[in-house]
Q: 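The structure is given below, and queries will be raised subsequently.
Throughout, a chain's letter reflects where its sequence line sits, starting with A, and its residues are numbered from 1.
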Amino acid sequence: MSTGITKRIIACLDVTKGRVVKGVQFVDLIDAGDPAELAHLHATSGADEIVLLDITATSDARPILIDVVRRTARQLFVPFTVGGGVRTLEDAAALFDAGADKISINSAAIKAPEIITEIAERFGSQAVIIAIDAKRKTGAEVTAEGTVPAEVYLAGGRTATGRDAVEWAREAENRGAGEILLTSMDCDGTRAGFDCPLTAAVARAVNIPVIASGGAGTGEHFVDVFKAGCADAALAASIFHFGIHDVRELKAGLQRAGIPVRLPC
Amino acid sequence: MITLIDYKAGNLTSVRKAFAYLGVESEVTDDPERVRDAQALVLPGVGHFCTTERLATSGVRDAVREAIGRGTPFLGICVGMQWQFAGSTESPETAGLGLFEGACERFQTSLKVPHVGWNQIGRTQEGAESRLLEGVPDESFVYFTHSYRAPVVAGVAAVTSYGETFAACVERENVFGTQFHPEKSGDMGLRMLKNFCDYAAERRAR
C-alpha cells in the first residue's frame with residue numbers, strides 16, 4: 001500500500017573554510033564551490049533537502065561558521081540541516097537562529113548523549129539528527145539476525161569509539177533523536193553503491209527515518225538503498241556537484257523503478 | 001506587517017525568512033497587546049503540544065481569540081494548527097483554541113512515526129474554494145514533520161494520507177492552518193504564504 005510519503009533525495013555540502021569540498025573516504029579534499037550557490041542550485045533542481053556539514057569544525061575544535069549558514073539559508077525554502085562541531089545547546093540555538101531547520105550531531109552526542117535530549121526538548125525531536133559514521137568490523141558479514149557489526153567513528157572518521165552502530169542508533173532514538181544519518185565509511189566517496197545491509201540493519205532497529213549516505217554513484221544505487229537498504233532518504237554530494245546526476249533525472253528513474261518520489265519538483 | 005507569535009518553542013527564523021523573501025515585513029512578539037493589535041497573526045510551532053500552555057498563561061491566548069473575533073487573519077503552522085483544535089492527546093491537560101472540533105492524536109499506524117518528508121495534499125469538498133490554496137494544484141507536495149495529527153472534521157480544507165487520512169489544512173473565514181511547513185515546502189509553500197499575505201492586505205484595504 002502506498003504510504004503517501006516519498007523517499008527523499010538529499011544533497012549534501014561538505015564545507016571547510018567556507019567552501020564546499022569533496023573528499024574520497026574522508027580525505028584528499030578538492031574544491032567544489034560556494035555553499036549558498038550550490039544549495040540554491042540543488043534545491044531548484046529537485047533536491048528534497050539540503051545538508052551542510054562543516055567537516056573540519058570538530059577536528060579544528062572551532063565552532064561552525066554561522067555566517068556561511070545564514071547566507072546559505074537565506075533563500076532556501078526546503079528543509080536545511082547543519083552539522084559539524086555542534087557541542088552544546090547554545091551551538092544548536094545559534095544555528096537555528098541562523099536559519100537551520102535541523103542540526104546534525106555526531107561526536108558530541110557520543111561523548112555526552114544528554115545533549116540529544118536537551119536539544120530535542122527545546123527545539124523538538126524533528127530538529128535533531130544523529131549522524132553516525134560507521135565502518136564495518138574487519139571481515140564483518142551480515143549475521144543471521146540481519147545485523148551488521150559496524151563500529152562508530154568520531155571526528156570525521158578519525159577516531160574509533162568501540163561502539164556498535166546499530167546499538168548506538170537505537171540509543172539515540174530513545175534519547176530523542178528525530179532521524180539517523182548513517183554514513184558508511186567503507187563506501188564513502190567510492191561511488192560503488194551504498195552499504196545496503198548496514199542501512200537495513202539500522203532502519204529495522206529504529207522507528208525513526210534513516211538517511212543513507214556514502215557510496216552513491218548511479219541511479220541503480222539509489223534504487224537499491226531504498227529497496228534492499230530500507231532507507232527513508234538517501235544523501236549524496238559529489239555526484240550532484242559535478243553534474244553527473246541531475247536530481248530530476250535521478251528521481252524519474254526512481255519513479256520508474258516503483259519508488260515514490262517528489263516529482264514534479 | 002505580519003506578527004509572529006513567539007512562545008519560546010522552536011525557531012521562527014525559517015518563517016521570517018520566507019516572509020522576507022516575499023517582501024513582507026514581520027515582527028516577533030510574545031506581548032498580548034501587540035497580538036491584539038496585529039494586522040495579521042502567524043503562530044508557527046514545532047515540538048510538544050504542552051508548550052502552547054504558555055500562550056494561555058501569558059494572556060496571548062485571549063488576545064488571539066479577540067483578534068480572530070475582530071477578523072484579524074490568523075495562520076497556524078504545525079503545532080500552531082493543532083492548537084486551533086480542541087486539544088491533543090499529547091498533552092490532555094492543555095486546552096487548544098477549539099476553533100475546530102476534536103482532538104489531535106498520535107498516528108495509529110504501523111508506519112514510522114514521526115511522519116517526516118514530502119507528501120501530497122488534496123482538497124476536501126469544503127476546501128474547493130480555499131483561499132490559502134489558491135493556485136496550488138491538488139497532489140502538490142509539501143513538507144511534513146510531526147507525530148500527532150488532527151482529525152478530518154468541518155473546516156478541513158485539505159487532507160493527506162499516511163497510513164490514515166488526516167487534516168493537512170484548515171480554513172474558516174479569517175482562520176487558516178497547515179499541518180505541514182509552507183516555509184519549507186518550496187514554491188508551493190511560498191505561494192500559500194503569499195496567499196495569506198494577500199488576503200491580509202485585501203482585508204486591510206476594505
Q: What part of A/E179 is in contact with chain B, defined as an atom under 4.5 angstrom from a non-hydrogen atom: side chain, backbone, both or neither?
A: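 Only the side chain of A/E179 comes within 4.5 Å of chain B.
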
Q: Let's test your reading of the structure: which of A/D101, A/T44, A/I208 forms the most heavy-atom pairs below 4.5 Å with chain B?
A: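 Most heavy-atom pairs under 4.5 Å with chain B: A/D101.
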
Q: Minimum heavy-atom separation for B/P32 to B/S58, with atom names?
A: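 Closest pair (atom of B/P32, atom of B/S58, distance): CG-O, 3.2 Å.
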
Q: Compute the ring centroids of A/F123 and A/F96, then answer whether they are less than 6.0 Å apart.
A: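 Yes, the ring of A/F123 comes within the 6.0 Å limit of the ring of A/F96, centre to centre.
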
Q: Can you tell me which portion of A/A100 sits under 4.5 Å from chain B's heavy atoms? Options are side chain, backbone, both or neither.
A: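 The backbone, not the side chain.
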
Q: Side chain, backbone, both or neither: which part of A/R74 has an atom under 4.5 Å from a heavy atom of chain B?
A: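 For A/R74, the contact with chain B is made by the backbone alone.
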
Q: Which one of B/W118, B/Y143, B/F144 has the most heavy-atom pairs closer than 4.5 Å to chain A?
A: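 Max contact count across the listed options: B/W118.
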
Q: For chain B, find which of A/A73, A/P209, A/P79 contributes the most heavy-atom pairs closer than 4.5 angstrom.
A: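 Going by pairs under 4.5 Å, I would pick A/P79.
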
Q: Do B/H146 and B/F166 have their ring centres less than 6.0 Å from each other?
A: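 Close enough - the centres of the two rings lie under 6.0 Å apart.
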
Q: Let's test your reading of the structure: which of A/L76, A/V261, A/D97 forms the most heavy-atom pairs below 4.5 Å with chain B?
A: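 The residue among A/L76, A/V261, A/D97 with the greatest pair count is A/D97.
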
Q: Between the side chain of B/S185 and the main-chain N/O of B/M188, is any donor-acceptor distance below 3.5 Å?
A: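 Flag not set: sc B/S185 to bb B/M188 has no pair under 3.5 Å.
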
Q: Is it the backbone or the side chain of A/A43 that comes under 4.5 Å from a heavy atom of chain B, or both, or neither?
A: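 A/A43 has no heavy atom closer than 4.5 Å to chain B.
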
Q: I'd like to know if A/E167 and A/R170 make a salt bridge, using a cut-off of under 4.0 Å between side-chain N and carboxylate O.
A: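 Salt bridge: no.
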
Q: With a 3.5 Å cut-off and no angle check, do the side chains of B/N195 and B/R191 form a donor-acceptor pair?
A: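 B/N195 vs B/R191: donor-acceptor pair found between side chains.
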
Q: How close do A/A203 and A/V210 get, heavy atom to heavy atom, and via which atoms?
A: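 Taking every non-hydrogen atom into account, CA-CG2, 3.7 Å.
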
Q: Among B/V113, B/T13, B/D187, which residue forms the greatest number of heavy-atom pairs with chain A at distances under 4.5 Å?
A: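 Among B/V113, B/T13, B/D187, the one with the most close pairs to chain A is B/T13.
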
